[in-house]
Amino acid sequence: MVRWLNTFIEDAKVVERGLIQVLGIGQARTKTLCRAVGIAPTTKVGDLRPWHWDQMAKEIHTRGWSIQEELKKEVYDNIVETAKNEAQKGIPPRLSAPNERPADEMARQPSKTSWKQGRKDGHATRKSGGI
């Protein structure tokens with residue numbers, strides 16, 4: 001197993017699939033790195049030499065790509081900046097993710113079951129699938 005840019009990559013994987021595990025490197029960047037270093041994308045990760053890894057790291061640096069911790073910091077900074085802008089505009093802060101509801105709100109919602117309220121007296125009736 002190889003550790004490169006704080007990511008473990010299995011030796012048995014081909015470079016084309018292994019490099020994608022590094023946050024910020026997708027298929028397009030993997031192909032670009034392989035061309036720049038002179039590696040076939042089907043080469044196994046375990047067959048690469050240390051200078052291959054060094055060349056790929058230099059290529060990432062010269063192209064100015066944000067990866068791993070840099071990318072995480074950039075995303076965090078963007079979130080903080082958005083929160084500040086929203087606060088200045090008077091928008092209340094988000095307490096949960098947009099698609100999530102607080103637990104007390106979820107408790108008040110009726111549960112969804114296969115039963116259907118069909119009678120006026122409150123008894124549930126099952127949907128009929130027969131004749």
Side-chain angles (χ1 to χ4, degrees):
M1 189 162 291
V2 176
R3 183 178 167 109
W4 186 61
L5 300 175
N6 294 328
T7 304
F8 288 101
I9 305 171
E10 296 175 25
D11 290 338
K13 285 194 175 193
V14 293
V15 173
E16 191 173 40
R17 292 286 166 217
L19 293 182
I20 292 174
Q21 291 180 322
V22 178
L23 183 64
I25 298 180
Q27 283 185 324
R29 287 184 175 179
T30 297
K31 290 177 183 175
T32 303
L33 285 173
C34 288
R35 264 188 264 118
V37 178
I39 302 170
T42 55
T43 305
K44 299 282 185 186
V45 170
D47 295 338
L48 297 179
R49 301 290 172 239
W51 63 272
H52 287 122
W53 298 106
D54 293 340
Q55 275 188 312
M56 285 190 285
K58 286 177 188 173
E59 189 68 26
I60 288 169
H61 179 71
T62 56
R63 291 179 182 267
W65 291 341
S66 294
I67 54 165
Q68 291 297 92
E69 278 72 30
E70 296 168 358
L71 189 60
K72 289 177 187 176
K73 184 179 180 339
E74 193 175 314
V75 169
Y76 175 78
D77 291 343
N78 287 339
I79 291 170
V80 169
E81 187 66 28
T82 301
K84 286 179 185 177
N85 291 339
E86 288 178 351
Q88 289 175 350
K89 293 177 183 177
I91 300 172
R94 297 178 189 163
L95 300 177
S96 61
N99 295 332
E100 293 180 4
R101 293 181 291 177
D104 60 333
E105 183 182 324
M106 290 175 68
R108 287 180 273 162
Q109 298 293 325
S111 62
K112 295 177 183 176
T113 64
S114 62
W115 292 88
K116 177 182 170 185
Q117 290 298 118
R119 296 177 18 186
K120 291 182 181 179
D121 60 1
H123 293 295
T125 57
R126 201 179 265 272
K127 294 179 185 176
S128 175
I131 303 173

Measure across [X] and [Y] and return the closest heavy-atom pair with its distance rounded to 0.1 Å.
| X | Y | result |
| --- | --- | --- |
| Asp11 | Lys44 | O-CB, 3.9 Å |
| Thr42 | Val14 | O-CG1, 3.4 Å |
| Phe8 | Gln21 | O-OE1, 3.4 Å |
| Pro41 | Cys34 | CA-SG, 4.1 Å |
| Ile25 | Arg29 | CG2-CB, 4.0 Å |
| Gly18 | Lys13 | CA-CD, 4.3 Å |

Residues passing the side-chain hydrogen bond (donor to acceptor under 3.5 Å, both in side chains) test with Gln27, sequence neighbours excluded, are none
Sorted by chain and residue number, the side-chain hydrogen bond (donor to acceptor under 3.5 Å, both in side chains) partners of Thr32 (sequence neighbours excluded) come out as none
Exercise. Please determine if Lys73 and Asp77 form a salt bridge, counting it only when a charged side-chain N lies under 4.0 Å from a carboxylate O.
Key: yes
The reported gap from CD1 in Ile9 to CZ in Arg17 (rounded to nearest 0.5 angstrom) is 13.5 Å
dist Arg35:CZ -> Thr30:OG1 (nearest 0.5 Å) comes out at 11.0 Å
Sorted by chain and residue number, the ring pair (Phe, Tyr, Trp, His ring centres under 6.0 Å) partners of Trp53 (sequence neighbours excluded) come out as Trp4
Is the shortest heavy-atom distance from the side chain of Gln55 to the side chain of Ile39 under 4.5 Å?
no
### Query
Quick one: are His52 and Val15 in side-chain contact, heavy atoms under 4.5 Å?
no
Within 6.0 angstrom of Arg49 CZ, more than 12 heavy atoms from elsewhere: no
Ile20 and Val2: same hydrophobic cluster, using ILVMFWY side-chain contacts below 4.5 Å? no
